[in-house]
Engineer: 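The structure that follows is given in the form of structure tokens.
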Amino acid sequence: MAGPGGDMQWCFSQVKGAIDDDVAEADIISTVEFNHTGELLATGDKGGRVVIFQQEIENKNHPQFRSEYNVYSTFQSHEPEFDYLKSLEIEEKINKIRWLPQKNAAQFLLSTNDKTIKLWKISERDKRPEGYNLKEEDGRYKDPNTITSLRVPVLIPMDLMVEASPRRVFANAHTYHINSISVNSDNETYLSADDLRINLWHLEITDRSFNIVDIKPANMEELTEVITAAEFHPHQCNTFVYSSSKGTIRLCDMRVSALCDKHSKLFEEPEDPSNRSFFSEIISSISDVKFSHNGRYMMTRDYLSMKIWDLNMENRPVETYQVHEYLRSKLCSLYENDCIFDKFECCWNGNDSVVMTGSYNNFFRIFDRGHRRDVTLEASRENSKPMQVLKPRKVCAGGKRKKDEISVDSLDFNKKILHTAWHPQDNIITVATTNNLYIFQDKVN
Amino acid sequence: MISTMECAVDAQSLISMSLMKIHNSRTQRGGIKLHKNLLVSYVLRNARQVYIKEKYAEIYRMQQYEEVMTVCNEIQELNPLDLDAEDTDDEEQTRAACCGEEASLCDAACQRGAAQPEAHARTASALLSGCPIEDGGKEPEPSDYRSCCMEASPLSHFDQFPALQDRHCNKTTVLDLDTHVVTTVENGYLYQDCCCDALQCGQGAQSPAKKRKVEFGCCISEVEEISDFTAARKRAKREDCSYSNPEYTDTSNISNLISIFGSGFSGLLSRQTDLEQICSKQALASLGAWTRAIVAF
């Protein structure tokens with residue numbers, strides 16, 4: 001995993017998506033998620049489509065090409081809708097995809113847009129029956145009088161066909177925009193969170209859900225915060241967390257009461273008064289929260305930093321990583337061009353020792369918790385020769401710009417990496433630029 | 001205390017930027033984003049705090065100057081040819097006393113302005129909490145503010161300055177060169193000469209204001225929708241308009257951003273298309289006008 005000297009080195013593996021500079025809005029990637037084994041990688045886009053890539057079996061002749069992801073299935077998950085009662089258009093953009101643990105030959109995933117969650121079954125078909133007694137090969141029915149003998153139909157191989165079918169549709173439960181879904185460790189229930197409420201569903205039941213969190217004030221004028229993300233604990237099926245726009249995280253225990261408005265734990269770090277600005281509230285809003293795989297920690301992402309919290313310590317995070325502190329002096333421009341509202345996600349590696357998140361200019365940041373090292377890398381077509389090692393990038397905040405450094409003013413704020421994912425077992429990472437999906441793997445010596 | 005060292009962006013331009021964002025969010029695909037609008041309202045609140053603080057500081061500086069000049073003139077009138085040291089001392093003492101008083105009031109104002117309670121989200125109408133005129137010593141009830149100003153907090157800057165209400169008039173007149181509208185700043189209160197139902201409602205229309213508030217509550221509990229945030233304001237706008245000065249619809253009299261928010265945040269979000277066009281046009285027009293206003297004595 002680590003090269004000589006202990007630094008992890010990353011190599012380009014693949015890039016998916018159009019090379020076109022002119023990006024169609026529907027092609028903008030809006031979510032990325034590995035399944036539990038890492039064999040499948042799902043992406044959702046603004047056009048409501050889901051594309052699933054499958055990892056090919058290791059090529060024994062070329063061990064350095066450890067894995068290649070190829071398109072496995074593509075389907076239209078959500079369509080644009082119109083709410084006639086409220087005169088609102090409902091975007092088809094896929095906000096989140098979450099895989100269910102595999103129980104049988106088929107794969108299941110949940111995908112959601114702003115209002116509706118759907119359970120999709122992805123199954124393979126590689127055999128077809130042949131030799132019906134009453135039907136011709138093309139499906140026409142035979143005249144029974146012509147049948148003189150009977151035979152047992154046989155299954156013969158065919159080209160692999162991957163079918164995606166919607167098995168459940170969970171609709172009409174959210175007034176506000178859904179921002180998160182999370183499958184429970186019990187593999188029977190899942191939660192969906194919008195700006196003000198969190199609902200608990202059973203995977204088999206679509207016509208009702210339980211509301212477990214409701215922070216809507218009696219008077220909407222008194223609204224001070226909204227829910228920004230929510231997730232179930234990876235092992236404790238009674239525990240979940242939700243983050244807010246005020247920078248707080250609440251941990252709730254469903255055993256305490258039916259309605260979890262009262263939190264069991266409140267994680268909050270006091271604001272540094274010397275950093276107060278017009279935009280303090282915006283940059284403290286949490287955009288993503290993720291439990292570690294071992295369930296002991298959770299990570300939150302706000303606009304400028306990532307924080308790792310020990311679930312046993314509520315008053316401050318145990319680690320804080322600055323993602324792009326050089327942007328602090330640019331907040332007013334970022335407010336003007338709306339970039340300050342970008343919602344960056346974050347992710348853990350398989351053994352919780354390394355974390356990753358995205359930034360601007362197609363940069364992404366990897367923080368090695370154990371070695372206290374961090375690196376900035378870039379996803380670009382220029383660095384996309386097979387197995388090309390990515391060179392660390394550096395942003396010059398001010399003063400004299402060294403060679404190979406890029407100054408803050410040269411950063412392209414239209415090129416942002418909001419969605420990243422890490423293979424659950426291997427050192428394979430994927431980052432989504434606007435409409436391309438890059439796959440990198442660590443250098444195999 | 002918000003640091004105002006923000007890459008040369010002043011509070012006014014932030015306010016106008018924020019209002020534009022809120023206005024544009026109405027037409028965005030997918031409906032109004034509650035989270036984003038909430039964050040924008042926080043920026044508005046912060047910018048407003050800084051803006052009003054700066055405005056107060058400016059007003060008090062001017063008042064201080066005028067006060068001093070008035071006293072000096074009076075002294076000169078009484079003793080026009082007496083230039084001995086004693087009187088000079090008296091004059092200086094008087095001036096010092098005036099300045100001291102002014103300064104302490106100014107300090108108090110600044111401190112209170114900075115110690116705005118954090119609890120509630122502010123919308124653009126928060127600007128208005130600075131606007132309504134009060135009689136002599138009468139303080140408007142918090143409920144009036146809530147209903148006509150969409151302001152959740154019962155406290156406003158003006159509630160906290162009872163001393164101001166007793167002061168006799170000190171006027172600063174602002175002439176907007178673009179629209180030729182005169183705005184008078186009186187006793188530190190900003191209002192426009194011509195219109196504003198909200199100003200009137202602050203004075204006398206207590207029952208209509210309360211009535212609006214009750215309707216508010218009903219409407220909000222009945223209709224739970226994404227545009228709760230804005231629907232309530234739309235209703236308030238309709239009601240406000242019914243009380244409004246007929247001159248309100250006269251476009252030539254509406255150019256000041258504060259006058260628009262005199263009828264609540266829904267000034268930008270009204271369902272009534274004609275008013276909507278007027279309001280939004282005026283809002284947009286006034287954004288630039290703000291920066292070109294001059295002060296005339």
Side-chain angles (χ1 to χ4, degrees), chain A residues 25 46 80-81 83 85-93 113-115 174-177 179 194-197 216-228 244-246 273-285 287 303 328-333 335-338 340-341 343, chain B residues 1-9 11 13-14 17-18 20-21 24 28-47 49-50 118-123 125 146-147 149-153 213 216-217 220-221 223-233 265:
Chain A
E25 178 136 349
K46 261 193 150 184
E81 284 171 55
D83 182 339
L85 184 65
K86 298 169 193 168
S87 294
L88 285 178
E89 194 181 357
I90 300 167
E91 274 191 287
E92 67 276 29
K93 173 168 78 89
N113 69 349
D114 283 340
K115 297 287 184 183
H174 285 279
T175 310
Y176 301 94
H177 293 122
N179 52 56
D194 67 25
D195 291 321
L196 296 178
R197 299 193 177 97
K216 185 180 178 186
N219 187 351
M220 275 297 271
E221 291 171 17
E222 290 164 7
L223 181 71
T224 59
E225 64 180 331
V226 296
I227 297 169
T228 53
S244 84
S245 54
K246 272 192 166 171
S274 64
N275 272 337
R276 186 110 183 91
S277 76
F278 287 117
F279 311 104
S280 292
E281 285 83 3
I282 300 186
I283 63 170
S284 64
S285 175
S287 52
Y303 190 64
R328 194 180 285 274
S329 57
K330 307 284 177 197
L331 292 179
C332 40
S333 319
Y335 180 71
E336 201 173 352
N337 63 17
D338 272 1
I340 205 173
F341 301 105
K343 296 188 182 157
Chain B
M1 178 74 177
I2 292 168
S3 158
T4 51
M5 307 295 285
E6 278 273 329
C7 49
V9 167
S13 56
L14 266 185
M17 224 190 286
S18 304
M20 285 289 291
K21 286 186 194 296
N24 291 337
Q28 265 173 4
R29 212 173 152 240
I32 296 168
K33 308 243 183 303
L34 186 63
H35 184 201
K36 183 176 175 186
N37 279 279
L38 182 68
L39 296 177
V40 169
S41 72
Y42 273 114
V43 174
L44 259 177
R45 180 199 68 165
N46 295 338
Q49 284 176 349
V50 169
E118 278 255 342
H120 304 289
R122 302 290 185 258
T123 63
S125 63
R146 191 166 297 141
S147 52
C149 313
M150 329 290 298
E151 173 60 75
S153 166
K213 183 184 178 223
F216 248 158
I220 287 173
S221 61
V223 181
E224 181 190 274
E225 47 172 276
I226 178 69
S227 44
D228 258 351
F229 204 50
T230 54
R233 285 151 179 75
F265 177 61

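Naming: A, B, ... by sequence-line order, numbering from 1 per chain. When reading the values below, keep in mind they use all heavy atoms of this one structure, side chains included, and skip hydrogens, waters and symmetry mates.
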Engineer: Strictly distance-based, threshold 3.5 Å: is any side-chain N or O of A/H177 a donor or acceptor partner for the main-chain N or O of B/G30?
Structural biologist: yes
Engineer: Measure A/T228 against the heavy atoms of chain B and call it side chain, backbone, both or neither at under 4.5 Å.
Structural biologist: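 Looking at A/T228, just its side chain touches chain B.
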Engineer: With heavy-atom distances below 4.5 Å as the criterion, would you say the side chains of B/N46 and A/R276 are in contact?
Structural biologist: yes
Engineer: Tell me, do A/I340 and B/L39 make a side-chain contact under 4.5 Å, heavy atoms counted?
Structural biologist: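 Answer no - side chains too far apart.
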Engineer: Side chain, backbone, both or neither: which part of A/D338 has a non-hydrogen atom closer than 4.5 Å to chain B?
Structural biologist: both
Engineer: For A/I227, which atoms come within 4.5 Å of any heavy atom of chain B: side chain, backbone, both, or neither?
Structural biologist: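 It is neither, since no heavy atom gets under 4.5 Å.
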Engineer: Quick one: pull up CD in A/E336 and NZ in B/K21 and give me the separation to the nearest 0.5 Å.
Structural biologist: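 These two atoms lie 7.0 Å from each other.
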Engineer: Rounded at 0.5 Å granularity, tell me how far OG in A/S245 sits from NZ in B/K36.
Structural biologist: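 NZ of B/K36 is found 15.0 Å from OG of A/S245.
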Engineer: Would you say the side-chain atoms of A/Y335 and B/S18 include a donor-acceptor pair closer than 3.5 Å?
Structural biologist: yes
Engineer: Do A/C332 and B/M17 come close enough that some side-chain heavy atom pair is under 4.5 Å?
Structural biologist: no
Engineer: Between B/L34 and A/L223, which heavy-atom pair has the shortest distance, and what is it?
Structural biologist: CD1-CD2, 3.8 Å
Engineer: State which residues pass side-chain hydrogen bond (donor to acceptor under 3.5 Å, both in side chains) with A/E25; sequence neighbours excluded, sorted by chain then number.
Structural biologist: A/K46
Engineer: Looking at CG of A/D114 and NZ of B/K33, how far apart are the two atoms once the value is rounded to the nearest 0.5 Å?
Structural biologist: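 Going from the CG atom of A/D114 to the NZ atom of B/K33 covers 6.0 Å.
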Engineer: Highest number of heavy-atom pairs under 4.5 Å with chain B: which of A/E89, A/E225, A/E81?
Structural biologist: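 Going by pairs under 4.5 Å, I would pick A/E89.
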Engineer: Nearest 0.5 angstrom please: B/R29 CZ to A/I90 CD1, how far?
Structural biologist: 10.5 Å
